[in-house]
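Here's the structure, in structure tokens; my notes come after.
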Number of protein chains: 2
Amino acid sequence: MGEVTQSRRMRLREATTAEIKATALKHMASSGTAAISLRAIARDMGMTAGAIYSYFDTRDNLVSVLIADVYNALAGTLEAARDSRPHDDPAAQILAYGQAYRDWAVANPEEFRLVYGDPVPDYQPPEGGVAAEAEHRACAVLTGIVAAAWPKAQHLHIGSDHTWSDFDPGFAGLIRESFPDLPPAAVALSLRVWGRMHGLVSLEVYGHLRPQVSDPAKLYRAEMMDLSKSLGHVLVDEAH
Amino acid sequence: MGEVTQSRRMRLREATTAEIKATALKHMASSGTAAISLRAIARDMGMTAGAIYSYFDTRDNLVSVLIADVYNALAGTLEAARDSRPHDDPAAQILAYGQAYRDWAVANPEEFRLVYGDPVPDYQPPEGGVAAEAEHRACAVLTGIVAAAWPKAQHLHIGSDHTWSDFDPGFAGLIRESFPDLPPAAVALSLRVWGRMHGLVSLEVYGHLRPQVSDPAKLYRAEMMDLSKSLGHVLVDEAH
DNA sequence: ATCATTGCTATACGGCGTTCACAATATATA
DNA sequence: TATATATTGTGAACGCCGTATAGCAATGAT
């Protein structure tokens, strides 16, 4: 990232790589993730399909890079949403995060499908995950907010019997490094919060809400209010 | 459904239709939704790809029928789960429903993707929806349970300002027909409950939970307990 | 000025959905 | 029973797709 572009060749190479990715995203945004075809991209760029193999080993490879890029953009959006609220007001931060999550998904449905759905026909994700870094970023933001809210929230979750062994060791290690005093119940809560946001959003993006609901944003706002209550915060409707 | 099979031709036709669908589902279960290819199905059946066009106008048509079948199977499972608990115990019913939802998804991940994700490369759902009936069945079950729980749950949702205009008119009409006294806030709640179940399940099915969580079932159970609390029910851990 | 590397084209292979002309078969009719 | 009709299948073709390989042109380094 941000490496010094040395030779002219390098510069051209990066420019073409960027153009390929941009063209792929353009096709995806206008015609769906299934429209990411090497031939179509090359055609659009005035090239032959084979030429792309100088830049990406395979189509799946290109898709993997796109997923990572898009996921990182989402993570950036979510971090910005968190930072748009005072750092000592986790309730406001969680609402901002939730709104940003849905707003982004609704504004970029194909990007959402790329990251959270079946990316593309026949695509097989590589071994060690594709966007582990971005996924960790997005997750860390949420955990951080929940950690800040935990003092006031924990009394609502006294029944939970989570242990660190419920989580992936590596993941648990990272969390405990960043938040040494956070109990496993809080980590579980943050993942459940994620699930709660994801549920309505993915139903909406995949068209399972529209047939019944005319105002999904309102439904989502209600859910976010309820969610913030479960983080121990009582607040009047200040959103919208 | 259940029509009298008259001629021998009709019988053969229905048998072949069923075999096509079964083969498609078999391929899907073993190789993913993208593996639903007319050529592969025909090859497996000892036929030519073109022959399938005597039974289905197009591949998308076949996929639509599969979606409807699978969705109806899911709806049946959910109805059975509800009926496995006393009809005067909505808390138990909602837990059973939620468990059945996840169990089904985890046991049939490709079916889940077919119904709730991008079904298949390039697939475009037809105009009036594909499985409106099944979707309505599944939704009605949930609404029924929430309706039964509403007397004890409503005090937790006094702040909500939902109106019937927040919903699709046709959908609202059907609901008000079945549950004349149910306020719109309860309908919103039932859709939010759906979203809450769907969130963790779809994250898990699409592989976004495994990297962090070693025991998704436990996380989901915790979420279901919390959910049943928001339906106004206090209960000890009787599940599992 | 020479030579290796790189970026690209051209071509080919197999797979896909779909269409069409045609043969074989089963049904319905006279 | 003999004939006409509808249905179900084949096989070849079209235009897509991802991918692999060979060769050509231009660029960069020596």
Side-chain angles (χ1 to χ4, degrees), chain A residues 4-21 23-24 27-28 30-67 114 118-126, chain B residues 4-21 23-24 27-28 30-67 114 118-126:
Chain A
V4 182
T5 53
Q6 295 152 336
S7 62
R8 166 181 162 80
R9 270 246 258 266
M10 288 289 183
R11 242 182 308 130
L12 287 184
R13 183 176 182 78
E14 285 185 16
T16 307
T17 305
E19 189 184 349
I20 292 173
K21 296 200 286 186
T23 309
H27 286 186
M28 182 185 74
S30 64
S31 315
T33 58
I36 303 183
S37 104
L38 296 187
R39 291 191 122 103
I41 294 169
R43 207 181 304 127
D44 203 9
M45 294 176 61
M47 291 196 324
T48 319
I52 298 186
Y53 284 84
S54 308
Y55 300 89
F56 299 94
D57 286 0
T58 174
R59 193 198 61 150
D60 279 15
N61 197 283
L62 167 60
V63 171
S64 295
V65 172
L66 291 179
I67 292 177
L114 183 71
D118 305 291
V120 127
D122 287 319
Y123 172 78
Q124 290 281 66
Chain B
V4 182
T5 52
Q6 293 152 335
S7 61
R8 166 182 162 78
R9 265 242 263 263
M10 288 289 183
R11 242 181 309 129
L12 287 183
R13 181 178 181 78
E14 285 184 15
T16 307
T17 304
E19 189 184 351
I20 292 173
K21 296 200 287 185
T23 308
H27 287 185
M28 183 184 74
S30 64
S31 315
T33 57
I36 303 182
S37 106
L38 296 187
R39 291 191 124 102
I41 294 169
R43 208 179 305 130
D44 203 9
M45 293 176 62
M47 291 198 323
T48 319
I52 298 186
Y53 284 82
S54 306
Y55 301 88
F56 299 94
D57 286 358
T58 174
R59 194 199 59 150
D60 279 14
N61 197 285
L62 166 60
V63 171
S64 295
V65 173
L66 291 178
I67 292 177
L114 184 71
D118 305 291
V120 128
D122 287 317
Y123 172 77
Q124 289 281 68

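Proteins come first, then strands; the chains are lettered A, B, ... in the order of their sequence lines, and each starts at number 1.
- The nearest heavy atom of DNA chain C to B:L12 and to A:T16 marks one nucleotide each, and the one closer to the 5' end goes with A:T16.
- Distance CD1/B:I41 to CG/B:L38: 5.5 Å, rounded to 0.5 Å.
- Put simply, CE on A:M47 is 17 Å from P on C:dT6, counting in whole angstrom units.
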Pairs of donor and acceptor atoms involving the side chains of residues 51-58 of chain A, under 3.5 Å and at least two apart or interchain, shall be tabulated with distances.
residue : atom : partner : partner atom : Å
A:S54   : OG   : A:A51   : O            : 3.2

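- One can place CE of B:M10 at 17 Å from P of C:dA26, the figure rounded to the nearest angstrom.
- The distance between atom CZ of A:F56 and atom P of C:dT6, rounded to the nearest whole Å, is 17 Å.
- One interatomic measurement links the two molecules: CZ of B:R11 to P of D:dT7, which rounds to 17 Å at whole-angstrom precision.
- Here the NZ-OG1 distance, from A:K21 to A:T16, works out to 12.5 Å after rounding to the nearest 0.5 Å.
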| query | Are A:I67 and A:Y123 close enough, and set up right, to give a side chain to side chain contact (heavy atoms under 4.5 Å, CB included), and what steps lead you there? | reply | CA-CA 12 Å; A:I67 292 177; A:Y123 172 78; 3.8 Å; yes

| message | At under 4.0 Å between heavy atoms, how does the protein contact nucleotides 10-23 of chain C? Give one character per nucleotide, 5' to 3', with B, S or -. | response | --B---BBBB----

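- Taking OG1 of A:T23 as the reference point, atom CE of A:M47 lies at 8.5 Å (rounded to 0.5 Å).
- Distance CZ (B:R13) to C1' (D:dA6): 12 Å, rounded to an integer number of Å.
- Nucleotide C:dG7 holds its C1' atom 12 Å from the CE atom of A:M45, rounded to whole Å.
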| message | What verdict does the side chain to side chain contact (heavy atoms under 4.5 Å, CB included) test give for B:V65 and B:T17, after you've listed the backbone C-alpha separation in whole Å, the side-chain angles of each residue and the deciding distance to 0.1 Å? | response | CA-CA 11 Å; B:V65 173; B:T17 304; over 6 Å; no

